[in-house]
Engineer: 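I have a structure here, written as structure tokens, and I will follow up with some questions on it.
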Amino acid sequence: MMIGITLLIGILLLGALAGLLVLHRRQRQLEEAVREAQRTRRALAAERDRIASWLEGLKPGGVEALLLLDQDQRILWANRPAMEQLNARPGRALLEAIPSPDLETLLNATGTAEIRWRDRWWLGTSWAWSEGWGLALIDITRQREAERARRELTANVAHDLRTPLATIRLLLDELKPADPLPASWERLIGELDRLIRLVNTLLDLARLEAGEWPLAYEALEIRPWVQSWIERFAPLWQAKGLTIQLDLPEGLWVWADPEWAGRALGNLLDNAIRFTPPGGEVRVRAWSDGEWVAIEVSDTGPGIPPEDLPRIFERFYRRDRHRGGGGSGLGLAIARHAVEAHGGRIQAFSEPGRGARLVFTLPAVSEGV
């Protein structure tokens with residue numbers, strides 16, 4: 001009898017001990033969950049403080065919508081503009097609140113992109129943090145509308161100028177005096193032809209920017225394509241005594257529109273030759289970069305001042321006062337739009353006194369042609 005009672009007591013004690021162990025384990029799990037929640041809260045507060053200090057350096061009205069997301073892309077925190085303008089409230093999945101494919105691509109890539117949502121344009125920037133992602137959105141609808149109006153105005157003015165300029169050119173041909181032509185007449189013809197080229201370039205650029213110029217893609221092998229452009233510019237670089245260095249692997253192909261890709265390359269070569277002093281060197285090299293082919297044009301000219309680098313791809317922005325030479329200020333703008341129309345990107349690198357490097361990418365042909 002005593003043995004049975006002892007056994008029963010032992011079983012009860014073991015059960016109680018097991019229960020205590022389970023309770024202790026669950027208490028530890030709860031404590032760990034509390035600590036994890038505290039860490040998350042501290043990380044969230046730190047990230048929010050980091051954003052706040054970052055915002056202090058921005059001009060008023062800069063960033064509008066700010067959000068912090070967890071690893072599942074659920075909204076942990078959002079400021080008032082994000083909640084009011086985008087209905088992005090904490091607890092909701094971001095892509096449920098803002099079902100935008102552009103936004104999903106931005107989060108997967110982490111960087112900067114333009115996003116179309118609710119008939120408005122937003123410039124989005126995303127970054128990774130300890131608990132997930134941060135997201136800042138700026139409403140750039142007004143800027144886009146102003147840009148569209150500027151393009152339309154430029155195109156309309158250029159279109160209205162083209163016909164009278166062509167008429168003047170024909171009249172000058174009819175009124176041309178007998179040879180030898182006076183120097184002033186030759187200069188007049190040259191300046192008129194330059195103006196006609198400028199007007200045609202503006203019209204082409206406006207059509208490309210507006211997406212009204214469909215690209216005719218074909219496979220281009222880099223080496224012979226670049227060499228053909230080098231030959232086109234031979235009179236210019238030979239007259240200055242420049243050395244042309246080529247580093248172009250065989251069998252490297254791109255999928256591009258020959259005309260617009262050629263304009264991009266031609267404008268970079270023209271700049272490099274024009275800004276390189278006599279006896280200098282222009283180098284062109286290309287390499288495979290995953291799904292892209294990168295092409296670099298570099299020179300040994302005076303370089304580009306740091307304050308000019310962010311603006312050299314703007315239309316009509318001329319840095320000639322620093323590097324010498326003339327131009328319309330449209331060459332690099334055309335190069336940028338031509339490259340971006342292919343889905344690529346173009347960048348400039350330079351140190352004053354050490355030349356300039358301009359690099360652009362075009363889609364690679366994945367298999368041999």
Side-chain angles (χ1 to χ4, degrees), residues 187 190-191 193-198 200-202 204-205 220-249 252 254 256 258-287 293-306 308-309 311-339 344 346-362:
R187 181 177 178 182
E191 290 299 319
D193 287 343
R194 179 172 176 270
L195 186 57
I196 291 173
R197 288 194 299 271
L198 176 60
N200 289 332
T201 299
L202 282 171
D204 291 347
L205 183 56
L220 299 174
E221 187 175 6
I222 289 294
R223 191 169 186 176
W225 178 60
V226 171
Q227 287 174 334
S228 69
W229 276 95
I230 294 295
E231 291 173 3
R232 293 190 194 188
F233 285 98
L236 296 179
W237 57 264
Q238 288 175 354
K240 296 182 70 173
L242 304 184
T243 300
I244 305 295
Q245 293 288 344
L246 301 180
D247 182 6
L248 308 169
L252 200 58
V254 294
E259 177 180 355
W260 282 105
R263 286 203 189 189
L265 176 62
N267 286 338
L268 297 194
L269 287 172
D270 179 62
N271 272 11
I273 293 170
R274 182 151 43 94
F275 294 135
T276 300
E281 179 179 288
V282 173
R283 182 181 182 189
V284 184
R285 67 187 188 102
W287 63 93
V293 169
I295 302 166
E296 177 186 278
V297 178
S298 59
D299 62 57
T300 56
I304 305 170
D308 285 352
L309 275 176
R311 301 192 58 192
I312 63 170
F313 295 108
E314 296 177 11
R315 65 169 67 201
F316 299 119
Y317 187 79
R318 295 176 58 179
R319 64 199 191 284
D320 302 338
R321 62 185 182 275
H322 300 292
R323 302 183 76 194
S328 65
L330 290 175
L332 292 182
I334 290 174
R336 176 172 71 89
H337 285 287
V339 169
I346 185 168
Q347 296 174 285
F349 307 90
S350 179
E351 295 181 21
R354 303 188 63 180
R357 295 188 303 114
L358 286 95
V359 184
F360 67 98
T361 58
L362 293 173

Engineer: Who passes side-chain contact (heavy atoms from CB on, under 4.5 Å) against Ala335, sequence neighbours left out?
Structural biologist: Ala264, Leu268, Ile346
Engineer: When you measure from the side chain of Thr300 to the backbone of Gly280, do you find a donor-acceptor pair of N or O atoms at a distance under 3.5 Å?
Structural biologist: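 Here the side-chain-to-backbone pair does not exist.
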Engineer: Enumerate donor-acceptor pairs with a distance under 3.5 Å from any side-chain N or O in residues 239-248 to protein atoms, sequence neighbours excluded.
Structural biologist:
residue: Lys240; atom: NZ; partner: Ile273; partner atom: O; Å: 2.8
residue: Lys240; atom: NZ; partner: Arg274; partner atom: O; Å: 3.3
residue: Lys240; atom: NZ; partner: Thr276; partner atom: O; Å: 2.5

Engineer: Scan Val339, Val297, Leu362 and name whichever one has a side chain to side chain contact (heavy atoms under 4.5 Å, CB included) with Leu265.
Structural biologist: Val297
Engineer: Locate the shortest heavy-atom distance separating Ile304 from Ala356; write the atom from each residue and the value.
Structural biologist: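 Distance-wise, the nearest heavy atoms are CD1-CB, 3.9 Å.
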Engineer: If you take all heavy atoms of Ser350 and Gly303, which pair is closest and at what distance?
Structural biologist: OG-CA, 3.3 Å
Engineer: Any non-hydrogen side-chain atom of Ile230 less than 4.5 Å from a side-chain atom of Trp237?
Structural biologist: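 Yes, side chains in contact.
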Engineer: Measure across Gly331 and Asn267 and return the closest heavy-atom pair with its distance rounded to 0.1 Å.
Structural biologist: O-ND2, 3.0 Å
Engineer: Does any part of the side chain of Trp260, heavy atoms only, come nearer than 4.5 Å to the side chain of Ile334, both counted from C-beta?
Structural biologist: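 They are in contact (side-chain heavy atoms under 4.5 Å apart), so the answer is yes.
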Engineer: Just to verify, what does Gln227 make a side chain to side chain donor-acceptor pair (under 3.5 Å) with, not counting sequence neighbours?
Structural biologist: none
Engineer: Would you please test Leu332 and Leu358 for side chain to side chain contact (heavy atoms under 4.5 Å, CB included) and show each step?
Structural biologist: CA-CA 10 Å; Leu332 292 182; Leu358 286 95; 3.9 Å; yes
Engineer: Quick one: side-chain contact (heavy atoms from CB on, under 4.5 Å) partners of Ala294, sequence neighbours excluded?
Structural biologist: Trp287, Val359, Thr361
Engineer: Test of understanding: with side-chain contact (heavy atoms from CB on, under 4.5 Å), list the residues that count as partners of Pro258, not counting sequence neighbours.
Structural biologist: Glu218, Leu220
Engineer: Show the nearest heavy-atom pair for residues Phe275 and Pro302, with the distance to one decimal.
Structural biologist: O-CD, 3.3 Å
Engineer: Applying salt bridge (Lys or Arg N to Asp or Glu O under 4.0 Å), name anything that partners Glu221, two or more places apart in sequence or on another chain.
Structural biologist: none
Engineer: Does Arg232 have any salt bridge (Lys or Arg N to Asp or Glu O under 4.0 Å) partners at least two apart in sequence or in another chain, and if so, which?
Structural biologist: none
Engineer: Search all heavy atoms of Pro249 against all heavy atoms of Ala286 and return the closest pair with its distance.
Structural biologist: CD-O, 3.2 Å
